[in-house]
2 protein chains.
Amino acid sequence: MVDANAQSEAYNAITYPENATASYPMNPEMIKVACSNCNLRELCMPVGLNHDEMVKLDHVVSTRKRVKQGGHLFSHGDPFTTLYAIRTGYFKTCVNTEDGREQVTGFQMAGEIIGLDGIVSDKHNCNAVALEDAEVCIMPFENVEELSREFPVLQRHVHKIMSREIVRENGVMMLLGNMRAEERLAAFLLNLVQRLHARGFSQSEFVLRMTREEIGSYLGMKLETVSRTFSKFSEDGIIEVKQRNVKIINPEALKQIYNPQTCT
Amino acid sequence: MVDANAQSEAYNAITYPENATASYPMNPEMIKVACSNCNLRELCMPVGLNHDEMVKLDHVVSTRKRVKQGGHLFSHGDPFTTLYAIRTGYFKTCVNTEDGREQVTGFQMAGEIIGLDGIVSDKHNCNAVALEDAEVCIMPFENVEELSREFPVLQRHVHKIMSREIVRENGVMMLLGNMRAEERLAAFLLNLVQRLHARGFSQSEFVLRMTREEIGSYLGMKLETVSRTFSKFSEDGIIEVKQRNVKIINPEALKQIYNPQTCT
DNA sequence: TTCTCTGTTTGATGTATATCAATGAGTTTT
DNA sequence: AAAACTCATTGATATACATCAAACAGAGAA
């Protein structure tokens, strides 16, 4: 029903120098990189730069780094030095209570920026875990700030990224505080499909990268409730679900269930 | 048991030119202002600036504005042009669903910055409502960005403020997604008292500026549950409550109830 | 193939919190 | 001072979701 690998591999096709790792013998996971010919540019970098500016911007990103499925890009308490732009793969960010409860605070995909939580205290305040083998661009925050002072358009872009994250979290608070299970899951699916569509994927079919438990953690419900709500949607003919393969049959019905907040 | 007005009036004592409003005849709510002698400086501005830098920073803040209790500092959809630093009074920020449900996304007090939600789309994405008569400093975002490019210390400060908001919201997501009513209220009270203490108020006694319903909206529970939980804490000898007056008798017990996340 | 493991689905039952309802306390208006 | 209003408290009952439990499905490993 859905090609399980299409989402990831579309971006694995990006080329970079074959000998890149050779210049960083101490860390084979580090890879040299240039934004100016990255096809995710519009997703993670400001638009409307001239050639000179693009060349300078290349210096923001120093190298790349690979993270295996289940691996931590960073963990709570790690010193913060850099932001990361996701190139391929999916991540979750999460915080934990002392007694081991986990709250997923977001799912991130290609082109999205991760690590903003670390700026305030120079330490990361959450964990970033790869949901599948992933590759990120390393953007040392010193560089970002330095170039931001030089390029107002980059400065504005950085501010917008942070503001977008604040607004996104406002929306999650609304979900968690005011909405019922069906509304939460509808909102989640609509958001996911919208972001995938912006990356050139189908508006209707996709593969979930996370478990029912992780979805539940994000949406403040138990995995059984997530599963039951999927089944309910399926019985109602709104979606087709088979394990992690999802096909949206009736997006309008989903939108109706998710009484959309005026603030989106 | 608690002096209901102390919190507000402590900051009303700040002086500013008596004839300030006269220079803005078109809008008597606008008041000229200087940060360099504002006693909230350390709360809303970076520390470690020399005299010249301070003078320049004064230009970030153009004027002040008063908002009456219940008045909107800004509303969802309003064009975004400026950040606001709260000088006196308390605010809530909230978002609404189409069908009228409200989610309070935060309570803000003196020295805190409000309006970051507007940067991403040049429109405000939430409402800011004064919980009591309030006064804010207007900081046109153009000015903030311009001076940020000039002063790395201000730039870093702005980034930290935005990052802090992201981390705060992560914590609220944890509350809403994983915690029970008692844990939520304990966390809320501890956070409030900590912020008030940082402003020179008592660590134990304070006056709530918001209704049970607003607390409930913030914490994802109904006003009756908020009230019952207050009563429970009171019966257990952890706090004393009378209407909006709260006295914390046993802060350790509160901390124990609020199984603190490792991420704070 | 069969075994094992992890993740998913579905059913039966329990519970924290919501809902409905009435009373009470403070504050402002008349 | 009484009336009218908003906000808070408390009780009785309802319910959405959690919890407990068992079966099931797909992916690797032996």
Side-chain angles (χ1 to χ4, degrees), chain A residues 1-5 68-70 92 101-104 129 131-133 175-186 188 207-236 239-246 257 259, chain B residues 1-2 4-5 68-70 92 101-104 129 131-133 175-186 188-189 207-236 239-246 257 259:
Chain A
M1 152 182 171
V2 180
D3 176 353
N5 291 316
K68 283 235 170 297
Q69 179 172 39
K92 69 171 178 182
R101 284 176 286 183
E102 173 174 298
Q103 173 70 37
V104 171
V129 181
L131 296 176
E132 59 183 28
D133 291 1
L175 281 187
L176 293 174
N178 269 299
M179 300 212 170
R180 285 167 312 102
E182 289 187 24
E183 298 175 287
R184 295 183 201 190
L185 191 63
F188 172 74
V207 177
L208 296 168
R209 255 53 218 204
M210 63 295 281
T211 67
R212 300 290 188 261
E213 187 168 22
E214 286 163 336
I215 296 171
S217 172
Y218 183 59
L219 297 177
M221 46 209 258
K222 293 296 158 182
L223 70 94
E224 294 95 329
T225 308
V226 175
S227 180
R228 275 183 242 272
T229 310
F230 268 123
S231 300
K232 170 76 161 49
F233 286 173
S234 184
E235 283 160 25
D236 294 350
I239 63 174
E240 281 174 17
V241 211
K242 194 169 182 214
Q243 304 287 122
R244 298 199 182 176
N245 300 294
V246 177
I257 289 167
N259 246 310
Chain B
M1 147 187 175
V2 181
N5 290 315
K68 283 236 170 295
Q69 181 172 39
K92 67 171 178 182
R101 284 177 286 182
E102 173 173 300
Q103 173 71 38
V104 172
V129 181
L131 296 175
E132 60 183 26
D133 291 1
L175 281 186
L176 294 174
N178 269 299
M179 299 212 170
R180 287 168 308 103
E182 289 187 23
E183 297 175 286
R184 296 183 199 190
L185 191 64
F188 172 75
L189 293 174
V207 178
L208 296 168
R209 255 52 218 203
M210 64 296 282
T211 67
R212 298 290 188 263
E213 188 168 22
E214 287 163 335
I215 296 172
S217 173
Y218 182 59
L219 297 177
M221 44 209 260
K222 294 295 159 184
L223 70 95
E224 295 95 329
T225 308
V226 175
S227 181
R228 275 184 244 272
T229 310
F230 269 122
S231 300
K232 171 74 161 49
F233 286 173
S234 185
E235 283 160 25
D236 294 351
I239 63 174
E240 281 174 17
V241 210
K242 196 172 181 212
Q243 304 288 121
R244 298 199 182 176
N245 301 295
V246 177
I257 289 167
N259 247 312

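Every chain is numbered from 1, with letters handed out A, B, ... down the list of sequences. Worth saying up front: this structure is predicted, and the values here are computed from it rather than measured.
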[N] [atom2] sits how many Å from [X] [atom1], rounded?
{"X": "A:Leu219", "N": "D:dA16", "atom1": "CG", "atom2": "P", "value": "18 Å"}
{"X": "B:Arg212", "N": "C:dA18", "atom1": "CZ", "atom2": "C1'", "value": "18 Å"}
{"X": "B:Leu208", "N": "C:dG26", "atom1": "CG", "atom2": "C1'", "value": "16 Å"}
{"X": "A:Arg101", "N": "D:dA18", "atom1": "CZ", "atom2": "P", "value": "14 Å"}
{"X": "A:Phe230", "N": "C:dG7", "atom1": "CZ", "atom2": "P", "value": "16 Å"}
{"X": "A:Ile215", "N": "C:dG7", "atom1": "CD1", "atom2": "C1'", "value": "12 Å"}
{"X": "A:Leu185", "N": "D:dC17", "atom1": "CG", "atom2": "P", "value": "12 Å"}
{"X": "B:Lys232", "N": "C:dA16", "atom1": "NZ", "atom2": "C1'", "value": "13 Å"}

Measuring from the side chain of A:Arg244 (C-beta onward, heavy atoms only), which nucleotide among C:dT8, D:dA8, D:dT10 has the closest atom?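 Taking heavy atoms from C-beta onward, the closest nucleotide is C:dT8.
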Can you tell me if [X] uses its side chain to pair, donor with acceptor, with the backbone of [Y] under 3.5 Å?
{"X": "A:Gln69", "Y": "A:Leu131", "result": "yes"}
{"X": "A:Gln103", "Y": "A:Ser217", "result": "yes"}
{"X": "B:Arg184", "Y": "B:Leu176", "result": "yes"}
{"X": "A:Arg212", "Y": "A:Gln243", "result": "yes"}

At what distance, to the nearest 0.5 angstrom, does [atom1] of [X] lie from [atom2] of [Y]?
{"X": "A:Glu132", "Y": "A:Lys68", "atom1": "CD", "atom2": "NZ", "answer": "12.0 Å"}
{"X": "B:Phe188", "Y": "B:Met221", "atom1": "CZ", "atom2": "CE", "answer": "10.0 Å"}
{"X": "B:Ile215", "Y": "B:Phe230", "atom1": "CD1", "atom2": "CZ", "answer": "4.5 Å"}

Is there side-chain contact between A:Met210 and A:Lys92, with heavy atoms separated by less than 4.5 Å?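 A:Met210 does not reach A:Lys92 side chain to side chain.
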Determine to 10° how strongly the helix from C:dT1-D:dA30 to C:dT30-D:dA1 is bent, judged from the axes of its five-pair ends. 30°
For DNA chain D, which residues of residues 220-228 of chain B approach it to below 4.0 angstrom with any heavy atom?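 B:Leu223, B:Glu224, B:Ser227, B:Arg228 - these, ordered by number, are the residues of the stretch whose heavy atoms sit under 4.0 Å from the strand.
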Would you please confirm or rule out a distance under 4.0 Å between OP1 or OP2 of C:dT17 and any side-chain N or O of B:Arg180?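 Looking at the OP1 and OP2 atoms of C:dT17, neither is under 4.0 Å from any side-chain N or O of B:Arg180.
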Please determine which of B:Thr225, B:Ile239, B:Leu219 meets the side-chain contact (heavy atoms from CB on, under 4.5 Å) test together with B:Leu185. B:Leu219
Could you write out each protein N or O paired with an N or O of nucleotides 23-25 of chain D at a distance under 3.5 Å?
none

Test side chain to side chain contact (heavy atoms under 4.5 Å, CB included) on B:Leu223 and B:Thr211; report intermediate values, then the result. CA-CA 8 Å; B:Leu223 70 95; B:Thr211 67; over 6 Å; no
Greater than 12 external heavy atoms within 6.0 Å of B:Glu102's CD: yes
